[in-house]
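Just so you know, these numbers use all the heavy atoms, side chains as well, and skip hydrogens, waters and symmetry mates. Below, chains carry the letters A, B, ... as their sequence lines are ordered, and counting in each starts from 1.
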Number of protein chains: 2
Amino acid sequence: MISMWSLADKMENWIKLLLEETDERFIKIRRSELARHFSCVPSQVTYVLSTRFIPERGYRVISRRGAGGYIRIERLSEADLLDRLEQQIGDTISAQEAAEIVGNLHKAGLLGEDVAQYLGLLLSDEVLQLPEITANRLRARMVVALLTNI
Amino acid sequence: MISMWSLADKMENWIKLLLEETDERFIKIRRSELARHFSCVPSQVTYVLSTRFIPERGYRVISRRGAGGYIRIERLSEADLLDRLEQQIGDTISAQEAAEIVGNLHKAGLLGEDVAQYLGLLLSDEVLQLPEITANRLRARMVVALLTNI
DNA sequence: ATCACCCTTGACTATCCTTGACCTTTCTTG
DNA sequence: CAAGAAAGGTCAAGGATAGTCAAGGGTGAT
């Protein structure tokens, strides 16, 4: 029953704590600082981020290199609910159904009005102009990608 | 989670502030003054202007050398920017180009951050999963539809 | 004991920013 | 004009970050 937590685990928990403590949905931090805080090499941070803070687990990471670089770790919303929706969709979906889902996500407050509007536009048959089967499969991929990134 | 802005970022923001505060569509300033204000070498100003205040992001810079020289930074009209982008697109466009355009539209303030993120996602090769030529044509339709509806 | 699967480390790479020496253009003055 | 002063421009080197990858280290299951 000795130190049951690997360094990666500790770092994961620390980051999640920071995410809870902030008022925003994200934190911005320097990779090298995080590494120094845990007395490890910077690439360890990259490892933790790429194995744990991924869309499938409800997170997204954006970073910038060079002087003034940073890492931004963002928590995505309502992962569970979106998972279930994802199941429902399967791998093909009509323009109408897609529009409805986007509309519902908007009503649920998970998508802003402009976002919903632009997405609806790009999911329409007029813009896609593809054979129905192809279009429906593509739409399914688009909506699923959307759900995993909200 | 400090303010983490590079000098270049600060200068960019400062210039944008000046542009907002003036009644004109442009500002006229001396490179050396700007440099002194930020305690840096003048060529740093040139760097910021050439990486951030470019037509693709909705700006144009005109300058004159010699005694009495100046730099004039102008914000393009929305219509100019959209026209220019539409030209650039034509009827086929790669994922990378599409992502850049969306990013620029965001930096130009015409798209919110969320919108930009979702659009970038839906324009990616990973989501489209179509033959390159088909994908590039579709992307062109999507981005043009977007531009038309901004 | 061995295998599989993480985790950890560090050398190398990619990207972005900052600085300074040197160049070009325009104006002012004699 | 010619020369000097007063701008802005170019470019390459170096600094500050973050990313990639492959080799090696634990640890638990078989």
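Here D/dG8 presents its C1' atom at 17 Å from CZ of B/Arg72, a figure rounded to the nearest Å. Put simply, CD on A/Glu33 is 13 Å from C1' on D/dA16, counting in whole angstrom units. Between the CG atom of A/Leu49 and the P atom of D/dG19 there is a distance of 7 Å, rounded to whole Å. Taking atom OH of B/Tyr70 as the reference point, atom C1' of D/dG8 lies 12 Å away to the nearest angstrom.
Between the side chain of A/Thr22 and the main chain of A/Leu19, no donor-acceptor pair closer than 3.5 Å is present.
Listed by chain and residue number, B/Glu97 satisfy the side chain to side chain donor-acceptor pair (under 3.5 Å) test with B/Ser94 (two or more places apart in sequence, or in another chain). Taking A/Glu21 as the reference, nothing meets the side chain to side chain donor-acceptor pair (under 3.5 Å) condition, with sequence neighbours excluded. In this view, B/Gln87 satisfies the side chain to side chain donor-acceptor pair (under 3.5 Å) rule with no residue, not counting sequence neighbours. B/Ser6 pairs by the side chain to side chain donor-acceptor pair (under 3.5 Å) definition with B/Asp9, not counting sequence neighbours.
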### Derivation and outcome, salt bridge (charged side-chain N to carboxylate O under 4.0 Å, His left out), residues A/Arg72 and A/Glu74
CA-CA 6 Å; A/Arg72 175 185 145 147; A/Glu74 182 185 357; 3.4 Å; yes
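The salt bridge (Lys or Arg N to Asp or Glu O under 4.0 Å) pairs that include a residue from residues 132-150 of chain B are B/Asp125-B/Arg139, where partners are two or more places apart or lie in different chains.
Listed by chain and number, the hydrophobic cluster partners of A/Ile133 come to none, as no ILVMFWY side chain reaches under 4.5 Å of it.
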Under 3.5 Å, which donor-acceptor pairs do the side chains of residues 101-108 of chain B form with other protein atoms, sequence neighbours left out?
| residue | atom | partner | partner atom | Å |
| --- | --- | --- | --- | --- |
| B/Asn104 | OD1 | B/Arg57 | NE | 3.4 |
| B/Asn104 | ND2 | B/Glu100 | O | 3.4 |

Exercise answer: donor-acceptor pairs, residues 23-49 of chain B side-chain atoms, under 3.5 Å, sequence neighbours excluded:
| residue | atom | partner | partner atom | Å |
| --- | --- | --- | --- | --- |
| B/Arg25 | NE | B/Arg75 | O | 3.4 |
| B/Arg31 | NH1 | B/Thr46 | OG1 | 2.8 |

Only distances under 3.5 Å count here; give the side-chain donor-acceptor pairs of residues 142-150 of chain A to other protein atoms, sequence neighbours excluded, each with its distance to 0.1 Å.
| residue | atom | partner | partner atom | Å |
| --- | --- | --- | --- | --- |
| A/Thr148 | OG1 | A/Val144 | O | 3.2 |
| A/Thr148 | OG1 | A/Ala145 | O | 3.0 |
| A/Asn149 | ND2 | A/Ala145 | O | 2.8 |

### Task
Any chance you could list the contact pattern along nucleotides 14-27 of chain C? Use B for base contacts, S for sugar-phosphate-only contacts and - for none, protein heavy atoms under 4.0 Å, 5' to 3'.
BBBBBBB---BBBS
Can you pull every protein N or O that's under 3.5 Å from an N or O on nucleotides 23-26 of chain D?
none

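Stem list for DNA chain D (at least 3 consecutive Watson-Crick or G-U pairs, distances under 3.5 Å): C:1-30 with D:1-30.
The phosphate of D/dA7 has neither OP1 nor OP2 within less than 4.0 Å of any side-chain N or O from B/Ser32.
Comparing D/dT17, D/dG9, D/dG19 by their closest approach to the side chain of A/Arg30 singles out D/dT17.
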